[in-house]
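Single-structure report; data block below.
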Amino acid sequence: MAQRITPRSKNYSDWYVDIVLNAKLADYSPVKGTMVIRPRGYALWERMQSALDAMFKATGHENAYFPLLIPESFLKKEAEHVEGFAPECAVVTHGGGEELDEPLVIRPTSETIIWSMYKKWIQSYRDLPLLINQWANVVRWEKRTRLFLRTTEFLWQEGHTAHATEKEAREEALRMLEVYRTFAEEYMALPVYTGVKSESEKFAGAVDTYAIEAMMQDRKALQAGTSHFLGQNFAKAFDVTFQSQESTLEHVWATSWGVSTRLIGALIMAHSDDSGLVLPPKLAPTQVVVIPIFKNDTKDQVIEFTRRVHASLGKDLRTVIDEDDKNSPGWKFSEWEMVGVPVRVEIGPRDMERGQAVLVRRDTGEKSTVPVAEVAGRVHSLLDEIQTSLFRKAKAFQTECTHEVDTYEDMKRVLENEGGFVVAPWDGSPESEARVKEDTKATIRVLPFGNEEKAKGKTCAISGKPAKHIAVFAKSY
RNA sequence: CGGGAUGUAGCCUAGUGGCUAAGGCGCCUGCUUUGGGAGCAGGAGAUCGGAGGUUCGAAUCCUCUCAUCCCGACCA
């Protein structure tokens with residue numbers, strides 16, 4: 001048998017690419033840095049979309065759609081924003097066979113075009129808050145790409161909200177960060193650290209960037225979602241004002257927040273193994289596969305029996321039955337493991353005689369034999385167990401990968417040898433932050449909420465000066 | 001954009017100047033099979049990434065070019 005997936009222990013990058021290609025989640029497309037999301041990958045995205053979209057709606061947001069093309073001049077209106085994004089913008093210079101008067105930028109993000117519209121839509125405090133989300137594609141010209149994790153074009157959602165007060169906008173940014181944390185933990189079974197980004201890591205144009213950071217199996221961190229408090233930066237750049245209840249003219253306060261198809265990469269790298277994908281049941285496009293095992297003389301009876309068991313699972317689960325008679329059962333087992341279906345139900349002639357079925361967990365490989373009458377109930381509880389168990393396992397790994405250190409020697413040693421998150425006192429200076437990056441390639445992933453209190457009386461692990469923060473460092477994607 | 005590597009059938013690989021480019025996987029047809037990636041027989045599928053050059057003769061040597069992957073600098 002040919003090994004189709006490079007073991008993680010041999011080469012983690014190859015393993016990741018093998019999983020994506022062999023599980024048919026995506027494929028390389030002709031333009032460098034772009035990829036095709038194949039049906040199995042897109043189905044995962046659809047699962048994520050529907051869960052997130054419901055959460056956005058539940059917090060009062062509405063969906064809309066803004067255009068792909070943005071006048072170049074819009075981007076230049078916010079100084080930091082243009083500085084941050086100009087190098088990675090794709091620009092359209094020709095259209096209709098003629099050179100355009102003004103080049104058009106393909107959106108790397110939509111703040112500018114959205115705020116140009118918000119100027120038209122907002123006059124009074126009665127128009128606020130304005131809570132809009134869009135599901136869209138964006139383009140950022142990346143030099144180094146990786147399937148799902150970093151591609152030139154990707155899919156995401158971007159929420160853009162406008163508020164009357166700073167307090168309300170900050171609350172919104174934190175509320176959406178919490179939505180992302182909940183989604184990551186409850187749906188993706190992925191524990192995350194939350195907090196605020198350092199000055200050098202924050203979004204171009206934001207006052208504060210909040211993020212969720214997850215740990216991958218190779219002990220590198222991955223930013224899985226961001227939420228920005230934009231202050232009045234864009235309101236001022238686009239002159240968006242409203243008349244308050246007290247009749248004063250004020251600039252609007254803003255947030256934006258997003259997660260992308262990168263989450264699919266996070267999901268793969270968090271849970272999968274050398275046999276293929278491992279998916280949390282809540283997001284798995286197919287939750288249960290039923291495989292009849294038959295010989296020629298028993299084929300009809302076994303299939304008939306298997307169909308009844310399959311039907312007994314009910315309509316609330318996403319299930320398939322694999323009746324193909326060309327491939328052997330062993331082949332099917334491997335194939336469905338590759339795809340990451342959480343529970344497999346095997347039914348052969350012996351099971352039929354005894355009125356039972358064999359259930360197999362994808363995450364642990366554990367097999368159990370269950371009377372057919374109990375299959376539906378047992379499958380439901382197994383799916384719950386798998387969801388919980390994946391999270392627990394990932395949580396234990398996150399804990400194991402988190403090291404608190406006080407000295408620079410320890411910091412370098414841990415980052416070099418063990419990887420993972422390093423939690424250390426930091427003086428808050430860009431110099432110390434830069435030194436760590438220079439020496440270890442690690443960056444500050446997040447400054448946890450409330451870290452300033454804990455930093456009191458401590459000294460910076462890098463400079464030895466009084467610490468202002470307790471920072472979480474890691475090498476990252 | 002620097003450093004490294006690789007381009008031969010859908011995929012993986014052999015072939016380092018000489019006959020009609022070889023094998024495995026996959027694919028198609030038929031039969032036989034089916035409890036962890038089955039077996040037999042037959043079959044289709046390649047102008048060897050592209051262009052130019054050297055040579056009686058090039059997948060193989062030279063020049064240029066394109067693409068992809070890996071490692072760095074930049075980023076969700």
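Residue numbers begin at 1 in each chain, while the letters A, B, ... track the order of the sequences.
Take K367(A) and apply the side-chain hydrogen bond (donor to acceptor under 3.5 Å, both in side chains) test, not counting sequence neighbours, and it matches no residue. Under the salt bridge (Lys or Arg N to Asp or Glu O under 4.0 Å) criterion, K393(A) pairs with no residue at all, not counting sequence neighbours. Residues that satisfy the ring-ring contact (aromatic ring centres under 6.0 Å, His included) test with Y28(A), not counting sequence neighbours, are absent from this structure. Partners of F183(A) under the ring-ring contact (aromatic ring centres under 6.0 Å, His included) rule, at least two apart in sequence or in another chain, are Y187(A). In terms of the side-chain contact (heavy atoms from CB on, under 4.5 Å) criterion, residue partners of V372(A) (sequence neighbours excluded) are, by chain and number, F305(A), V309(A).
Atom CZ of F294(A) is separated from atom C1' of A38(B) by 14 Å (rounded to the nearest Å). If you measure from atom CE of M352(A) to atom P of G35(B), you get 16 Å, rounded to the nearest angstrom. When the C1' atom of C11(B) is taken as reference, atom CD1 of I5(A) falls 15 Å away, rounded to whole Å. The distance between atom CG of N22(A) and atom P of C11(B), rounded to the nearest whole Å, is 13 Å.
Base engagement by D351(A) is indicated by at least one non-hydrogen atom pair under 4.0 Å involving a base atom. V358(A) comes within 4.0 angstrom of a base, heavy atoms only. Within 4.0 Å of E337(A), counting heavy atoms only, lies at least one base atom of the nucleic acid. Among the heavy atoms of the strands lying under 4.0 Å from N296(A) is at least one base atom, whether or not backbone atoms are also near.
Atom C1' of G37(B) sits at a distance of 15 Å from the matching atom of U33(B), rounded to the whole Å. A21(B) and G15(B) are spaced 8 Å apart, taking the C1' atom of each and rounding to whole Å. C11(B) and G49(B) are spaced 13 Å apart, taking the P atom of each and rounding to whole Å. Comparing the C1' positions of A59(B) and C19(B) gives a spacing of 16 Å, expressed to the nearest Å. When the C1' atom is compared between G35(B) and G23(B), the two are found 33 Å apart, to the nearest whole Å.
Looking at residues 276-289 of chain A, you'll see that no heavy atom sits under 4.0 Å from any atom of RNA chain B.
Among residue pairs with one or both ends in residues 130-152 of chain A, those qualifying as ring pair (Phe, Tyr, Trp, His ring centres under 6.0 Å) are W45(A)-W135(A); sequence neighbours excluded. Each ring pair (Phe, Tyr, Trp, His ring centres under 6.0 Å) pair with one or both residues in residues 256-283 of chain A, not counting sequence neighbours, appears once here: F56(A)-W257(A), H61(A)-W257(A). The ring pair (Phe, Tyr, Trp, His ring centres under 6.0 Å) contacts involving residues 188-218 of chain A comprise H81(A)-F203(A), F85(A)-F203(A), Y193(A)-F421(A), F203(A)-H228(A), Y210(A)-F449(A), where partners must be two or more places apart or lie in separate chains.
Because its NZ or CZ atom is not both nearer than 6.0 Å to the ring centre of F154(A) and within 45° of the ring axis, R140(A) does not count as a cation-pi partner of that residue.
Inter-residue side-chain proximity for V358(A) and I347(A) is flagged as unmet; no heavy-atom pair is nearer than 4.5 Å.
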message: Across nucleotides 3-8 of chain B, 5' to 3', mark each nucleotide with B, S or - according to how protein heavy atoms within less than 4.0 Å reach it.
response: ------

- prompt: How would nucleotides 71-76 of chain B be written as a contact map, 5' to 3', with B for base contact, S for sugar-phosphate-only contact and - for no contact, using protein heavy atoms under 4.0 Å?
  reply: SBBSBB

Name the atoms and distances for all side-chain donor-acceptor pairs under 3.5 Å in residues 469-477 of chain A, with sequence neighbours left out.
from    : atom 1 : to      : atom 2 : distance (Å)
H469(A) : ND1    : N451(A) : OD1    : 3.0
K475(A) : NZ     : L415(A) : O      : 3.4
S476(A) : OG     : R445(A) : NH1    : 3.2
Y477(A) : OH     : D218(A) : OD2    : 2.5

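At a threshold of 4.0 Å, the pair E431(A)-R435(A) does not count as salt-bridged, since none of the basic side-chain nitrogens sits closer than that to a carboxylate oxygen.
Using the Watson-Crick or G-U wobble rule with both distances under 3.5 Å, A67(B) pairs with U6(B). Taking a pair to require two hydrogen-bonding distances under 3.5 Å in either a Watson-Crick or a G-U wobble arrangement, C19(B) remains unpaired. The partner of G72(B) is C1(B), judged by Watson-Crick or G-U wobble contacts that both fall below 3.5 Å. Searching all strands for a Watson-Crick or G-U wobble partner of G36(B) with both distances below 3.5 Å returns nothing.
Out of G35(B), G36(B), A38(B), the shortest distance to the side chain of F333(A) is found at G36(B). Nearest nucleotide to the M338(A) side chain, out of G37(B), U34(B), C70(B): G37(B). For Y28(A), taking side-chain heavy atoms from C-beta onward, the closest of the listed nucleotides G37(B), U34(B), C69(B) is C69(B).
S328(A) has no side-chain polar atom (N or O) that falls below the 4.0 Å cut-off from OP1 or OP2 of U34(B).
Using the six-membered ring where Trp is involved, F238(A) and F234(A) have ring planes that are parallel, under 30° apart on the 30 and 60° scheme.
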